[in-house]
Amino acid sequence: MKLTSVELLRLRMPLVSAFRTSFGVQTARDVLLVVAHTSDGGVGYGECVALADPVYSEEYVEGAAHVLERYLVPAVMACNGLTAARVSELTSGFVGQRMAKAALELAVLDAQLQESGMSLAAYLGGTRDRVDVGVSVGITDTVDELVETVGGYREQGYGRVKLKIEPGFDLEPVAAVREAFGPDLPLQVDGNTAYHAKDLAHLARLDEFGLLLIEQPFEHDALDLHVELARRCTTPICLDETLTSAAVTARAVMTGACSIANIKAARMGGYLEARRTHDVAQALDTPVWCGGMLETGLGRAANLALASLPNFTLPGDISASARYYADDLTEPFTLVGGQIEVPRGPGLGVTVRTDVVERVLTSRKEIRG
Ligand code: NPQ
Ligand code: MG
């Protein structure tokens, strides 16, 4: 494959409701799409999930757009016989930039699979045609409002519920949700690195609520604190922000910092490293689940393909399109019995609604060879 041009599209996608976490309130997504055009007339799409500000990780969307235009795209456009598997090696000279690299790798992979007629799920080794999904519920002003919000998602059919927590909003809301929906509700929490060593004893009290897992309470590089909490808790510890590669995931598991892994392809530089992480976790008897970054239907299609792999044994943060967007960039993904169907068509297996793209477009930049 040879790329003739790459477009960087910026879109402003309002969220249906504000999403509050320990690192801030999001009311819209500043989406960056990478569109790869090939010499055979092929087109592939990739979505960059970096936030508008570097509050979840060190990357942010403006920076990702610059790195793509200045470094990453030129590195792959010069390549004849380009394949998705070569993108990480061709861009390895540029340190980090995982979310930017992942978006480019996915655009190349989509174009490659469109050409070969293979679905992303088949390419990655998926074994399921529908996957269990969950919902991530933001911090609310009151505990009553949280219980009401969770009730709404339960009515929509969500099986697993994840609550965002932060210091001052943890034990009480978790107790209220457990009280309201009973002992059998699959429930987990996510601290998004908001806690510190002084909170160890407090966090260990989450053990009384029969949670599936406690996700990333401490800083991304605080492996030792996660090891200590895991020692004090019966509730499994899961890592998110920390897990930036298969090797880092193996070390985190083997040091006891986590016994469950949240896999986000974008956080690891792409779906190929995400698959390698899946395989390493499987070899270490460590269950994984697919994390979410409020992707549009493009990134959501790719996450569904990834979540169809055998060791994704826990429901992922792959919610229905309507959880975040009134109008998605693809036909909307909907919930059926707590599950979502895995696209089967070539590549991402979705049709891009170019009318919606044009409506929410804020800028377009074309990079030619
Ligand atoms: C997490 N995702 O698991 C992240 C946090 C998160 C579904 O909770 C815009 C883009 C807003 C990405 C807010 C979920 C976001 C975002 C929160 C990711 O830690
Ligand atoms: Mg998380």
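Residues: numbered from 1 along the sequence shown. Just so you know, ligand 1 is whichever comes first in the structure, and atom 1 is the first atom listed for that ligand. Fair warning: this is a prediction, and the values are worked out from it, not measured in the lab.
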In terms of side-chain geometry, is the basic nitrogen of E241 or K264 positioned less than 4.0 Å from the acidic oxygen of its partner?
no
Could you tell me whether the side chains of E47 and T296 share a donor-acceptor contact shorter than 3.5 Å?
yes
Atom indices of ligand 1, in the order listed, that fall short of 4.0 Å to a heavy atom of D190
1 (C), 3 (O), 19 (O)
Quick one: does ligand 1 sit under 4.0 Å from the side chain of M13, the backbone, both or neither, non-hydrogen atoms only?
neither
Please check if atom CD in E172 has more than 12 non-hydrogen atoms from other residues, nucleotides or ligands closer than 6.0 Å.
no
Considering only heavy atoms of F23, which atoms of ligand 1 have at least one such atom less than 4.0 Å away?
6 (C), 13 (C), 17 (C)
Close-contact set for ligand 1 against E215 heavy atoms, below 4.0 Å:
3 (O)
Distance only, no hydrogens: is a donor on one side chain within 3.5 Å (strictly under) of an acceptor on the other, for Q216 and T242?
yes
Ligand 1 and N192, any nitrogen or oxygen pair closer than 3.5 angstrom?
yes
Apex the Mg ion (ligand 2); atoms D240 OD2 and D190 OD2; angle rounded to 10 degrees
180°
For the Mg ion (ligand 2), the closest N/O/S atom belonging to E215:
OE2
How far is atom 16 (C) of ligand 1 from its nearest protein heavy atom, and which residue and atom is that?
L294 CD1, 3.8 Å
The Mg ion (ligand 2) to E241: any N/O/S contact under 2.8 Å?
no
So for Q216 against ligand 1, with non-hydrogen atoms under 4.0 Å, the contacting part is neither
Spatial distance of atom CD (E366) from atom OG1 (T4) [nearest 0.5 Å]:
8.0 Å
Does atom CZ of R232 have more than 12 heavy-atom neighbours from other groups under 6.0 Å away?
yes
Classify the contact between Q26 and ligand 1 as side chain, backbone, both or neither, using a heavy-atom distance cut-off of under 4.0 Å.
side chain
Should E241 be counted as touching ligand 1, given the test is an N or O pair under 3.5 Å?
no
Has ligand 1 got any nitrogen or oxygen that is less than 3.5 angstrom from a nitrogen or oxygen of Y324?
no
Among all protein heavy atoms, pick out the one at the shortest distance from atom 5 (C) of ligand 1; state its residue, atom name and that distance to 0.1 Å.
K164 NZ, 3.5 Å
Who's the nearest protein heavy-atom neighbour of atom 3 (O) of ligand 1, and how far?
K162 NZ, 2.8 Å
Min N/O separation S136 to ligand 1 under 3.5 Å
yes
Does R29, backbone or side chain, put an N or O under 3.5 Å from an N or O of ligand 1?
no
Interfacing atoms of ligand 1 (cut-off 4.0 Å, heavy-atom, G292):
2 (N), 4 (C), 7 (C), 14 (C)
Between D317 and R160, is there a side-chain N and carboxylate O pair less than 4.0 Å apart?
yes
Pair E166 + R20, salt bridge at N-O below 4.0 Å:
yes
Considering only the protein, which heavy-atom contact is closest to atom 18 (C) of ligand 1, and what is its distance?
M293 SD, 3.7 Å
